[in-house]
Novice: 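Structure below; questions to follow.
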Amino acid sequence: MRTTTLHIVCLVVCLLAARMLPAQGGHSRRNAATAASQPPILIKATVDKQQILIGQPIQLMLEVTVPNPTAAPGGPESALPGSASVSSLSALVWPALDSLPHFEWVEKHPVDSVVHPDSRYYRQYLTVTSFDSGSWSIPRLPFSAGNKKYFSDSIRIEVGYTRIDPNKDYHDIKDIIDIPNPYAKWIVWVVAVVTIGALVLVVWLVRKKKIWKVLGGVMAPRLSPYEEAIRQLEELERQHLPENGSVKAYYTQLSDIFRLYLFRRMGISSLAETSEELIGQIRRLPVSGEQFSDMAEMLRMSDFVKFAKYQPGLSDSEHHFQVIRHSIDVLDKIGREETTGNGVVERREDRLPGKGSGGRAAGE
């Protein structure tokens, strides 16, 4: 009985072993078929020219096509642990472009990439040159993907000199050649025109100034101190400044008219003196005490209005205006008497044009 049971167990074990062996063989065959069906990495190196002169640049283009592992037959589940070469294709390592024998790097452009449904495409442009004459090769450049290495093709480059015809004459290095300035001939003319124009402008301005002086002297003769003061008082009266509230401007102009008359007619430096200093100068004039008090009151009132912001009434403004008008008449009479007493014959108009005229003459 025990022998029969042992035989049965051995038979079952053998059957199970025989069943598992074909399954493992099929799995290995499937992995091998998957690896064999995966397309390889394609690497291509090309140049734009294979014969150059010394120092002439070369355009080197590297192209790499990497198959996409997820596009393998059977879908992503086909990338099993046993197919490491398939799943590692996307991890492409670019070569270290440090130096090339007999060649020098001129420019390195970045790597461009394009993703397709079944692959990835990489491209890089490189510029190299050579200063060694002869026949040289751009070596094979290594690329890595997983545990495998891939190499580009080597490219033969012929580096030579410029061909020289021995039958032609030898040309030495030429000296520096001065290039003529095409605008040089116009510089003299431009300077001459500008100079003449400046001279004409200066002459015109000078003559214009003289003409205006002549015309000004003929058309607008300068008025006497008395006539100028009376005309300014009439202009001030027409402005009606106190009625418009411009009391400060009114007294400022009234004081300036009186000071200018004293300066021109009596020779008093009234424009640079304070009111008190001017009052001291007026005290020396041969005027009555009442007239002196009126002039001193007007000058002090002008200071009160300008500096203390005093607001006199309209009657006060009119009174001070009449004081200045009368004071100018009195001072002008005194000035004419002094001039006559010194033996000078004076002819002048006592009234403004349009109001009649009169003359006074005195002999020696």
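Heads up: numbering here begins at 1 and tracks the sequence.
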Novice: I'd like to know whether NZ of K108 has more than 12 heavy-atom contacts from other residues, nucleotides or ligands below 6.0 angstrom.
Specialist: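 Enclosed: over 12 neighbouring heavy atoms sit under 6.0 Å from NZ of K108.
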Novice: Please indicate whether K306 has more than 12 foreign heavy atoms, meaning atoms of other residues, nucleotides or ligands, lying under 6.0 Å from its NZ.
Specialist: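 More than 12 within 6.0 Å, yes.
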Novice: Is the count of non-hydrogen atoms from other residues, nucleotides or ligands lying under 6.0 Å from F292 atom CZ greater than 12?
Specialist: yes
Novice: Linking I/L/V/M/F/W/Y whenever their side-chain heavy atoms sit closer than 4.5 Å, directly or via other members, would Y125 and L62 fall into one cluster?
Specialist: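 Cluster IDs for Y125 and L62 differ.
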Novice: Within the structure provided, determine whether Y161 and L53 are in side-chain contact (heavy-atom separation under 4.5 Å).
Specialist: no
Novice: Nearest 0.5 Å, please: how far is CZ in R265 from CG in L260?
Specialist: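 Answer rounded to 0.5 Å: 13.5 Å.
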Novice: Check Y261 against L331 and note the closest heavy-atom contact, atom names and distance.
Specialist: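 In terms of heavy atoms, the two residues are closest at OH-C, 3.6 Å.
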Novice: Scan side-chain atoms only and decide if Y121 and H116 contain a donor-acceptor pair under the 3.5 Å cut-off.
Specialist: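 No - no donor-acceptor pair under 3.5 Å links their side chains.
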Novice: Can you tell me if W136 and E158 form a side-chain donor-acceptor pair at under 3.5 Å?
Specialist: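 Absent: no donor and acceptor within the cut-off.
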Novice: Would a 4.5 Å heavy-atom cut-off, applied to side chains only, mark L285 and I334 as touching?
Specialist: no
Novice: More than 12 foreign heavy atoms under 6.0 Å from NZ of K49: is that the case here?
Specialist: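 Correct, the count exceeds 12.
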Novice: Can you give me the closest heavy-atom contact between P139 and S152, atom names plus distance?
Specialist: O-OG, 4.5 Å
Novice: I'd like to check M301 versus Y251 (side-chain heavy atoms, cut-off strictly below 4.5 Å). Are they in contact?
Specialist: yes
Novice: Which heavy atom of P57 sits nearest to which heavy atom of T127, and what is that distance?
Specialist: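 In terms of heavy atoms, the two residues are closest at CB-CG2, 3.9 Å.
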Novice: Salt bridge or not between E234 and R231? Use side-chain N to carboxylate O under 4.0 Å.
Specialist: no
Novice: Specify the closest pair of heavy atoms between I58 and I157, including all atoms of both residues, with the distance to one decimal.
Specialist: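 I58 and I157 have their closest heavy atoms at CD1-CG2, 3.7 Å.
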Novice: Between OH of Y310 and CZ of R300, what distance do you get to the nearest 0.5 Å?
Specialist: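 Nearest 0.5 Å value for the OH-CZ distance: 15.0 Å.
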Novice: Out of curiosity, Q124 CD to L97 CG, how far, rounded to the nearest 0.5 Å?
Specialist: 6.0 Å
Novice: Check whether any side-chain N or O of S246 sits under 3.5 Å from a backbone N or O of P242 as a donor-acceptor pair, and report yes or no.
Specialist: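 No; judged by distance alone, with no hydrogens or angles, the pair does not exist.
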Novice: Decide whether E63 and Y122 meet the rule of one side-chain donor and one side-chain acceptor closer than 3.5 Å.
Specialist: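 Side chains of E63 and Y122: no pair found under 3.5 Å.
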Novice: Answer yes if L100 and W94 sit in the same cluster of Ile, Leu, Val, Met, Phe, Trp and Tyr residues linked by side chain heavy atoms under 4.5 Å apart, and no otherwise.
Specialist: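 L100 and W94: one cluster.
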Novice: Are a donor atom and an acceptor atom from the side chains of Q322 and E318 found within less than 3.5 Å of each other?
Specialist: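 Yes, a side-chain donor-acceptor pair sits under 3.5 Å.
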Novice: Do D48 side-chain atoms and Q59 backbone N/O form a donor-acceptor pair below 3.5 Å?
Specialist: yes
Novice: Do Y250 and F304 sit in the same hydrophobic cluster, where Ile, Leu, Val, Met, Phe, Trp and Tyr count as joined when their side-chain heavy atoms come under 4.5 Å apart?
Specialist: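 Yes.
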Novice: Could you grab the distance from atom CG of L60 to atom CH2 of W105, nearest 0.5 Å is fine?
Specialist: 6.0 Å
Novice: Report yes or no: do V93 and V111 belong to one cluster of Ile/Leu/Val/Met/Phe/Trp/Tyr joined by side chain heavy-atom distances under 4.5 Å?
Specialist: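 Different clusters.
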Novice: Could you walk me through whether Q239 and L236 pass the side chain to side chain contact (heavy atoms under 4.5 Å, CB included) check?
Specialist: CA-CA 5 Å; Q239 294 179 7; L236 178 62; 4.2 Å; yes
Novice: Strictly distance-based, threshold 3.5 Å: is any side-chain N or O of Q232 a donor or acceptor partner for the main-chain N or O of A229?
Specialist: no
Novice: Please step through side chain to side chain contact (heavy atoms under 4.5 Å, CB included) for the pair V47 and V128, ending with a clear verdict.
Specialist: CA-CA 10 Å; V47 293; V128 298; over 6 Å; no
Novice: Flag yes if more than 12 heavy atoms outside F151 fall under 6.0 Å of its CZ atom; otherwise flag no.
Specialist: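 Yes - once you tally the heavy atoms of other residues, nucleotides and ligands closer than 6.0 Å, there are more than 12.
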Novice: With a sphere of 6.0 Å drawn around CD of Q51, does it hold more than 12 non-hydrogen atoms of other residues, nucleotides or ligands?
Specialist: no
Novice: Is any side-chain N of the basic residue among D329 and K333 closer than 4.0 Å to the acidic one's carboxylate O?
Specialist: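 Result for this pair is no, no salt bridge flagged.
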Novice: Classify the side-chain pair S327/Q291 by whether it contains a donor and acceptor separated by less than 3.5 Å.
Specialist: yes
Novice: First locate atom CG of D256, then atom OG1 of T252, and finally report the distance between them rounded to the nearest 0.5 Å.
Specialist: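 Here the rounded value is 6.5 Å.
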Novice: Quick check against the 3.5 Å criterion: does H320 have a side-chain atom that pairs as donor or acceptor with the backbone of D316?
Specialist: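 Yes; at least one donor-acceptor contact below 3.5 Å.
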Novice: Would you name the heavy atoms of L126 and H109 that are closest together and state the gap between them?
Specialist: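 Minimum heavy-atom contact is CD2-N, 4.5 Å.
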Novice: Could you measure the distance from the CZ atom of R120 to the CD1 atom of I41? Nearest 0.5 Å is fine.
Specialist: 11.5 Å
Novice: Are more than 12 heavy atoms, taken from residues, nucleotides or ligands other than F131, located less than 6.0 Å from that residue's CZ atom?
Specialist: yes
Novice: What do the steps show when you test E273 against R259 for salt bridge (charged side-chain N to carboxylate O under 4.0 Å, His left out), and what is the final call?
Specialist: CA-CA 9 Å; E273 292 182 348; R259 286 172 177 269; over 6 Å; no
Novice: Please check: side-chain N/O of T129 versus main-chain N/O of Q56, any donor-acceptor pairing under 3.5 Å?
Specialist: yes
Novice: One thing to verify: whether D153 and R140 come together as a salt bridge, which I'm taking to mean a side-chain N less than 4.0 angstrom from a carboxylate O.
Specialist: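 A salt bridge is absent here (no side-chain N lies under 4.0 Å from a carboxylate O).
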Novice: Which one of L299, D303, V305, I324 satisfies the side chain to side chain contact (heavy atoms under 4.5 Å, CB included) criterion with S255?
Specialist: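 Of all the options given, the one that passes is L299.
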Novice: Measure across M295 and I282 and return the closest heavy-atom pair with its distance rounded to 0.1 Å.
Specialist: CE-CG2, 3.5 Å
Novice: Mark yes or no for whether T195, through its side chain, and V191, through its backbone, hold a donor-acceptor pair below 3.5 Å.
Specialist: yes
